A.B. asks: 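Dumping the structure here so I can ask a few things about it.
Here the structure is a predicted model, which is why all the values come from computation and not from measurement. Per chain, numbering begins at 1; letters A, B, ... match sequence-line order.
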Amino acid sequence: MIGEKIRGHLYQACFTYQTAKVVQIESKFIGLLYHVILVGLLISVIVWIFILNNGYQYVDHKHSTSSTSKVKGVALSSSSKNKKAIWDSSDLSGIPGTNGAFFTATNIIVTDEQMHDECPESERPGYTDCDRDEDCKPIFQPYHLGHGISTGTCNTSTHTCMVSAWCPIEDDSGATSSKYSKLKYTNNFTVFIKNNVYFPFYDKRRSNLVEDLNTSYIRSCLYHPIKDPYCPIFRLADIVGMSETKEYETWRVNDELFEAMTLKGGIIGITIIWDCNFDYNETQCLPAYKFERLDSYEGNDISQGYNFRYTSHYAEDGVTKRTLVKAYGILFVIQTEATARAFHLQTFCLNVGSCLGIFGLAPILAELILLRIHKKRSLFAERKTEKSGAIKDLLIELKALREKSDEPVEDNR
Amino acid sequence: MIGEKIRGHLYQACFTYQTAKVVQIESKFIGLLYHVILVGLLISVIVWIFILNNGYQYVDHKHSTSSTSKVKGVALSSSSKNKKAIWDSSDLSGIPGTNGAFFTATNIIVTDEQMHDECPESERPGYTDCDRDEDCKPIFQPYHLGHGISTGTCNTSTHTCMVSAWCPIEDDSGATSSKYSKLKYTNNFTVFIKNNVYFPFYDKRRSNLVEDLNTSYIRSCLYHPIKDPYCPIFRLADIVGMSETKEYETWRVNDELFEAMTLKGGIIGITIIWDCNFDYNETQCLPAYKFERLDSYEGNDISQGYNFRYTSHYAEDGVTKRTLVKAYGILFVIQTEATARAFHLQTFCLNVGSCLGIFGLAPILAELILLRIHKKRSLFAERKTEKSGAIKDLLIELKALREKSDEPVEDNR
Amino acid sequence: MIGEKIRGHLYQACFTYQTAKVVQIESKFIGLLYHVILVGLLISVIVWIFILNNGYQYVDHKHSTSSTSKVKGVALSSSSKNKKAIWDSSDLSGIPGTNGAFFTATNIIVTDEQMHDECPESERPGYTDCDRDEDCKPIFQPYHLGHGISTGTCNTSTHTCMVSAWCPIEDDSGATSSKYSKLKYTNNFTVFIKNNVYFPFYDKRRSNLVEDLNTSYIRSCLYHPIKDPYCPIFRLADIVGMSETKEYETWRVNDELFEAMTLKGGIIGITIIWDCNFDYNETQCLPAYKFERLDSYEGNDISQGYNFRYTSHYAEDGVTKRTLVKAYGILFVIQTEATARAFHLQTFCLNVGSCLGIFGLAPILAELILLRIHKKRSLFAERKTEKSGAIKDLLIELKALREKSDEPVEDNR
């Protein structure tokens, strides 16, 4: 029966073991070479995987995080029109964004008491210039890059078309041309950043208000990368300075870098870096802060800075009015990069396993020299290689010899 | 001493080399088969890892990014109640969200001059219907899905309960039933998107305002996927069109897809894709834009569209008042997907190393045919396999022969 | 010619096949041991890679997602000063944040009708205390942690310095000291969360408004982790309760956990988890909700809770005024964690391939026992190892024997 035959084969296969036949070559040169390569690979693997890359630890990038920020400060706008006007941080920063992003206006153009009316377009854009009514768009057509709907008439004193719009039209032509921004003291604004990070895999929670900080320290400290690296309160001009230079004492001296940014605004990224090794005490898991400018400030003119407009609507004497604010300023975006690591048996085993393959390089390299480069390579090749049928030939010869010597020899093969 | 013995063994082990004994089979069929498999695997590996997956390059997904957006345009609300009212982009879009998200209202319900008072609930929700005071909640109980705190009385003309609330109550029943939205010209609104991406690993910075664009082009261009793929200014109706169809000329003709969305609003994702190969000049690293609708618009009625309410508070003649706005519109969410790649020796070595294992398949496949399928398989098996003791038997036989021939032969084993 | 010689070598190499010579050892112990290790490894690999880690499936983490939220509810502020004031969700929640983050104020300090003036600083900060004008900062110097610009004079009744600021100065000293927060009924506020997720790799779209939900159910349901796990409407006090305890009936009984949070505010993360197996019907791909508190609430006093200030500006009788609101409340951050998996031939092959290496452990382990531990280890070693030159010696001997027997034997090597 075939089934029985297969079962017999299987039975035999289970109880025999096939192992590679090896040739032992007693050559000091090759032996030493092979073992040097082997030890070299071993050291490389240990250094690379286990020391440089902490291969015995599981690295968890997954975390929940929350960042909140609160800006403090008082600024003074010195435009002749508004007289001396006070702006505090709630005027200039508004509602904090998701994940703690915050904005601080540094240069503001306020157009008060706008109401629905007809008035000449601003002179700035250039595409509403006119000398006669025919130069303007027909009535009810909108000026999309302007501010209103055409009335079809031309204002002969401003030489721009008349529009139905929120009047008076904002005049932002002078805002970025003046050398200094219109809000004083914004460089001294401070921001208090709270960052919490939770690692679900290790069920551990860390806050940037680390254990060493006490309430009185937090009330008075100011972040400095070397002297106060864990103080969660940052001076805005310092953040701008640190985003552009690593020479810490440079930006401390004056706030030139900040002043240069206030005119047109910009975007600064604040990255809070957590690299926690939970094999140590978790109180040694401390935050680091990195600052970098995110908006492009070299290149196209049109792309520089950061600004936006917002409005508040209200009614006065039954008339709907609005205040239009064009705010140039700095947007601070908070990002969290957190990793947690700790010894993890399974990761350790996987890494050991995946390194076993590397050791296969040792015989490949040794044999490359043995069979291709070594001066006795033909001898090694002969010893390593058995030409097909060699033993069979031997047996044939033996049989012949045996027959010749006329004596029966037991052949137990 | 055992220690000395081990040292001896170790010494001997270090200076000998063991290599697998191989059998050379001179069979054209098997030789060719083996080398064809080998070359096939080699080509597969090269194509797969090195051409399709760029295995010689390190791919860096980590980047800092900032996106900002600015909406431009003028819209006209044509409700009979508000007369012709002008809305510009700062009214309709407000403060841009984190990472450049922006909203544009397309359909607005304004309830002006609300103040604290008592008035009948709106007729819409249906759960404040009443005929008598007993049908209403007791005094001071809130209507959570309604608009105020019950006064315990029933208004017999509207047949709804009286509430202490911001009065008059908003009436949003007509907003989504009219065929066309109440804001005209929002389809022609444009948005200027600035996106900057920084790859810390390569210390390279890219902006979507690429080198080829000059200021005058940016002032007048409009994004088109084929004709103007790098223009950073997008028409809103085009974005909506591109999110639903790839046939570019369809959405150019009319703005039906946009009009269909204005009534109830929606959410559109704008993905800016950077796939930078820094082996080439970095000026060849250019952005691509992808648009997709993110809110579900098929399925449950209640889930359609996007809207929210906001209020402005003010005081008039000592009375606190507010303007309540229910804004239906389109929320545009900007996402950045950036990868940077460049030649990296270490990545190259790791990939070569991990491919070495694949070549082990060649002998496995060849031997499968050699030992199981080939008609001379038993012959191959015999040559490959040495039954335990075979050489030993030979040596025994030789010894017997030697003894018989009475001549001492040196055995150097 | 050398070229011809190399071609000859190459030709020969292509048509011969070298295979490892194996020794077959007929030992029940070793045979069984080897096959038990082999089967053990096979089972481990199958269980580990293919059952526990679904190695036959490609796992796609990439997705586009949109989350939106809408808060409903009416609250009552019971401060004696404001009389009974109604606050609805549009007052308390405002514009929803990016990706559906929403805020609900639970405790509010309103400072109405502030205008530019001179008034004494608040008594709270402590650093503007004065008895004489000399104790204050010089005129025009700002109080950065205060509210205005110094006028250089001391107010002798409040014993604080006079500042040029938005007056009257906000008095927030009583806000967090009272046992209960000032807004009633915020615990019963509900939020309707819409979440859409799109997997580009599989081109599948899922919404948390799953197929089974009909409009009437959504209008009346309330999320419960066991009874109504797919209802997209959440009671705020329930979310807070679930973030702190898993014993679901505890937080249902009373809203203590919520009440404890209303005073100083906090941050709650809502994670929507999609783990979709597209080998099954996609309607079985359902969302799960996880809630966790993200702000640190143990530790430093100064770091507790969440609050921010915002302002509305308006003009009354030509005077610019503002309403300043300090809102304590709960910020809800919505995160989406989505993975999609389905059978994928290439992933399957890669995993099978990377497991082949593991089977190399079987001979290593078997030989460790065979050559180092087994009592017949020297016998095994002798059979496995061919001392260099063994066959050569045999051939030399044979040659000698042949010569002795004076008969030519064909040597086909």
Side-chain angles (χ1 to χ4, degrees), chain B residues 20-28 30-32 34-35 97-99 101 116 142-145 147-149 164-166 267 269 292 294-296 299-303 306 308-315 324 333 357-358 363 366-367 384-389 391 394 398 401 405 409 412-413, chain C residues 14-26 64-66 68 70 72-76 84-86 88 90-91 94-98 112-113 185 188-190 194 196 198 205 207 209 213 215 218-219 312 314 316 321 323 353 356-357 383 385-387 389-390 393-394 397 400-401 404:
Chain B
K21 177 98 185 172
V22 295
V23 182
Q24 184 165 321
I25 292 167
E26 261 144 48
S27 153
K28 282 199 179 182
I30 291 299
L32 211 57
Y34 172 75
H35 286 94
T98 306
N99 259 326
H116 281 306
Y143 282 106
H144 285 295
L145 299 176
H147 303 86
I149 310 281
S164 176
W166 288 99
I267 305 173
E292 40 184 12
L294 293 181
D295 64 316
S296 74
N300 285 305
D301 245 27
I302 206 169
S303 74
Y306 180 69
F308 62 86
R309 288 183 181 83
Y310 63 89
T311 58
S312 346
H313 290 78
Y314 58 92
L324 173 67
V333 179
I358 302 267
E367 247 147 79
K384 183 178 166 66
T385 315
E386 176 180 302
K387 292 283 191 306
S388 166
I391 285 181
L394 282 176
L398 272 171
L401 286 168
S405 56
V409 178
N412 62 356
R413 283 180 71 192
Chain C
C14 271
F15 292 120
T16 57
Y17 173 63
Q18 290 193 332
T19 179
K21 177 100 186 171
V22 294
V23 181
Q24 184 164 321
I25 292 166
E26 260 143 50
S64 296
T65 187
S66 79
T68 59
K70 186 175 267 186
K72 289 227 178 221
V74 181
L76 196 66
K84 294 265 176 222
I86 305 294
D88 63 19
S90 44
D91 292 319
I95 299 173
T98 305
D112 265 328
E113 303 208 28
Y185 305 133
N188 281 329
F189 273 39
T190 55
K194 285 196 271 176
N196 296 284
Y198 171 65
R205 221 172 260 285
S207 159
L209 305 171
L213 309 180
T215 307
I218 288 175
R219 273 190 205 283
S312 345
Y314 58 91
E316 203 176 13
K321 295 185 177 182
T323 300
L356 286 178
R383 284 176 183 180
T385 315
E386 177 181 303
K387 293 285 191 301
D393 294 340
L394 282 176
E397 284 184 45
L401 286 168
K404 242 184 82 180

A.B. asks: Could you look at Tyr198(C) and say if it's the side chain, the backbone, both or neither that has a heavy atom under 4.5 Å from chain B?
C.D. replies: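 For Tyr198(C), the side chain is the part near chain B, not the backbone.
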A.B. asks: I need the residue from Thr311(B), Ile267(B), Leu324(B) with the largest number of non-hydrogen atom pairs under 4.5 Å to chain C.
C.D. replies: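 Of the options given, most contacts go to Thr311(B).
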A.B. asks: According to side chain to side chain contact (heavy atoms under 4.5 Å, CB included), who are the partners of Lys72(C), at least two apart in sequence or on a separate chain?
C.D. replies: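 Result, side chain to side chain contact (heavy atoms under 4.5 Å, CB included) vs Lys72(C): Leu145(B), Thr190(C).
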A.B. asks: Distance check, rounded to the nearest 0.5 Å: Thr68(C) atom OG1 versus Tyr306(B) atom OH?
C.D. replies: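 Here the rounded value is 6.5 Å.
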A.B. asks: Which atoms of Leu32(B) come close to chain C, meaning under 4.5 Å heavy atom to heavy atom: side chain ones, backbone ones, both, or neither?
C.D. replies: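 Both backbone and side chain of Leu32(B) come within 4.5 Å of chain C.
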A.B. asks: Which heavy atom of Gly148(B) sits nearest to which heavy atom of Val74(C), and what is that distance?
C.D. replies: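 Where Gly148(B) meets Val74(C) most closely, the heavy atoms are N-CG2, 3.5 Å.
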A.B. asks: Any heavy-atom pair between the side chains of Asp295(B) and Asn196(C) that's under 4.5 Å?
C.D. replies: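 Side-chain contact under 4.5 Å: yes.
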